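Just so it is clear, the structure is predicted and the values come from calculations on it, not from any experiment. Starting from 1, each residue takes its place in the sequence as its number.
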Amino acid sequence: MNGILNWNVDPVIFMITDSFPLKYYGALFATGLLLGYYIVRSVYKKEHLSLDNLDSLLVYVIVGTILGARLGHCFFYEPSYFLQHPIEILLPIQKVAGVYKFVGYQGLASHGGSIGVLIAMILYCRKYKVKFLWILDKMAIGVPVTGAFIRFGNFMNSEIYGKPTNGNWGVVFQRDDMIPRHPTQLYEAFAYLLIFGIVLYLYKSKTIKREDGFIFGWFLTLMFVARFIIEFFKENQETFENDMVINMGQILSIPFILIGVALIIWKSKKNVEV
């Protein structure tokens, strides 16, 4: 058990009011979104692009992320419950002892968030006459940092942790049990930071032309391959996944990987200078 970390952090930083807590998860989620935004903003400045409508882009991303992540969790993981409690899908409340109470959003799915952002970007591009793959290339540089901070938030919440491990890197999430487990939230967070470094290198590379969609293709492939692999070490989120060969997170990752690989192959014919 040498090196095992015992983790028992209160997920609430402090109470804003008697019934409204400020949690690490929410704070880190917001921090990740803002950092991703400022990274994209710095790319715009580097390329001397107009910053007009960039603030609107942030709004579209926030709404697409939260709405998509919430709907993704409700319909990918717990459809039977939320179809019976539709008011809880979009409102951060839950009926406890016959009374609705503020509990925050108890479940956000990253795959749903990804779909939500893509839909939001389609709407953004239509309104502001921006090329779809062009804007996705820019966003692909900032999104991994956002994803990393969301996973740090999951770690602070002692949620989405891994299966039991005998390794010295195990973490005991004492709020749930006393079993050393893979800290899969941290695996994902550090994988996403590594992916940020890779896509930033692709963006800055002098030997690769930034054909629209090429960077986004690498982003999709790397992000969801990492997610697919890490899922093998992660506890299933819902019991119905226990009888599946691969879990829901892996199934949902496959289309993103295929789209990413297709974009890389399609754009590579013109991107690499020989």
Side-chain angles (χ1 to χ4, degrees), residues 7 11 25 29 65-86 88-90 92 94-95 103-119 143-144 146-167 169-192 195 220-261:
W7 190 251
Y25 179 79
F29 197 118
T65 299
I66 296 176
L67 188 59
R70 183 57 179 167
L71 292 174
H73 174 81
C74 295
F75 295 114
F76 292 153
Y77 291 97
E78 297 185 83
S80 59
Y81 174 84
F82 284 103
L83 288 174
Q84 296 178 28
H85 303 83
E88 296 179 20
I89 295 176
L90 298 180
Q94 190 173 51
K95 184 174 284 188
V103 294
Y105 286 118
Q106 303 294 305
L108 296 171
S110 58
H111 294 89
S114 299
I115 295 171
V117 168
L118 290 174
I119 294 173
V143 168
T146 301
F149 272 77
I150 291 172
R151 287 297 178 248
F152 287 139
N154 294 134
F155 184 75
M156 299 301 291
N157 259 6
S158 297
E159 63 186 2
I160 316 183
Y161 45 65
K163 297 175 182 178
T165 177
N166 294 322
W169 54 85
V171 175
V172 176
F173 295 96
Q174 294 182 358
R175 290 182 170 269
D176 284 347
D177 55 38
M178 298 303 293
I179 302 172
R181 297 179 176 278
H182 286 282
T184 46
Q185 316 97 319
L186 299 183
Y187 295 173
E188 276 194 69
F190 292 124
Y192 294 165
I195 292 167
L220 279 183
T221 304
L222 292 171
M223 285 283 287
F224 288 99
V225 165
R227 176 68 185 269
F228 189 93
I229 293 171
I230 293 170
E231 286 291 328
F232 285 113
F233 301 94
K234 191 184 297 184
E235 286 285 11
N236 292 327
Q237 294 188 48
E238 301 296 334
T239 55
F240 74 83
E241 296 177 281
N242 295 336
D243 296 325
M244 299 168 64
V245 177
I246 56 176
N247 64 25
M248 182 61 74
Q250 292 170 311
I251 291 172
L252 295 172
S253 294
I254 292 173
F256 290 99
I257 295 170
L258 294 176
I259 293 171
V261 171

Could you check if a side-chain atom of [X] sits within less than 4.5 angstrom of a side-chain atom of [Y], using non-hydrogen atoms only?
X: T65; Y: T146; result: no
X: W7; Y: M156; result: yes
X: H73; Y: L108; result: no
X: F75; Y: L83; result: yes
X: L118; Y: F256; result: yes
X: E238; Y: E78; result: yes

If I take atom [atom1] from residue [X] and atom [atom2] from residue [Y], how far apart are they, to the nearest 0.5 angstrom?
X: N157; Y: R151; atom1: CG; atom2: CZ; result: 11.5 Å
X: N154; Y: I160; atom1: CG; atom2: CD1; result: 3.5 Å
X: H85; Y: C74; atom1: NE2; atom2: SG; result: 12.0 Å
X: L71; Y: I66; atom1: CG; atom2: CD1; result: 12.0 Å
X: K163; Y: F232; atom1: NZ; atom2: CZ; result: 8.5 Å
X: Y192; Y: S110; atom1: OH; atom2: OG; result: 5.5 Å

Checking side chain to side chain contact (heavy atoms under 4.5 Å, CB included) against L67, which of L90, V117, I89 comes through?
-> L90
Residues in side chain to side chain donor-acceptor pair (under 3.5 Å) contact with Y187, at least two apart in sequence or another chain = W169, H182
Contacts of type side chain to side chain donor-acceptor pair (under 3.5 Å), residue E231, not counting sequence neighbours | R227, K234, N247
Going through the checks in order, is the side-chain contact (heavy atoms from CB on, under 4.5 Å) test met by M244 and Q250?
-> CA-CA 11 Å; M244 299 168 64; Q250 292 170 311; over 6 Å; no
What do you reckon, is CZ of F76 surrounded by more than 12 foreign heavy atoms closer than 6.0 Å?
-> yes
Using a cut-off of 6.0 Å, state whether more than 12 heavy atoms not belonging to N242 lie near its atom CG.
-> yes
Main-chain N/O of G153 paired with Q185 side-chain donor or acceptor, under 3.5 Å | no
Just jot down the ring-ring contact (aromatic ring centres under 6.0 Å, His included) partners of F29, sequence neighbours excluded, or say none.
-> Y25
Kindly state whether the ring of F155 and the ring of F152 have centres lying under 6.0 angstrom apart.
-> no
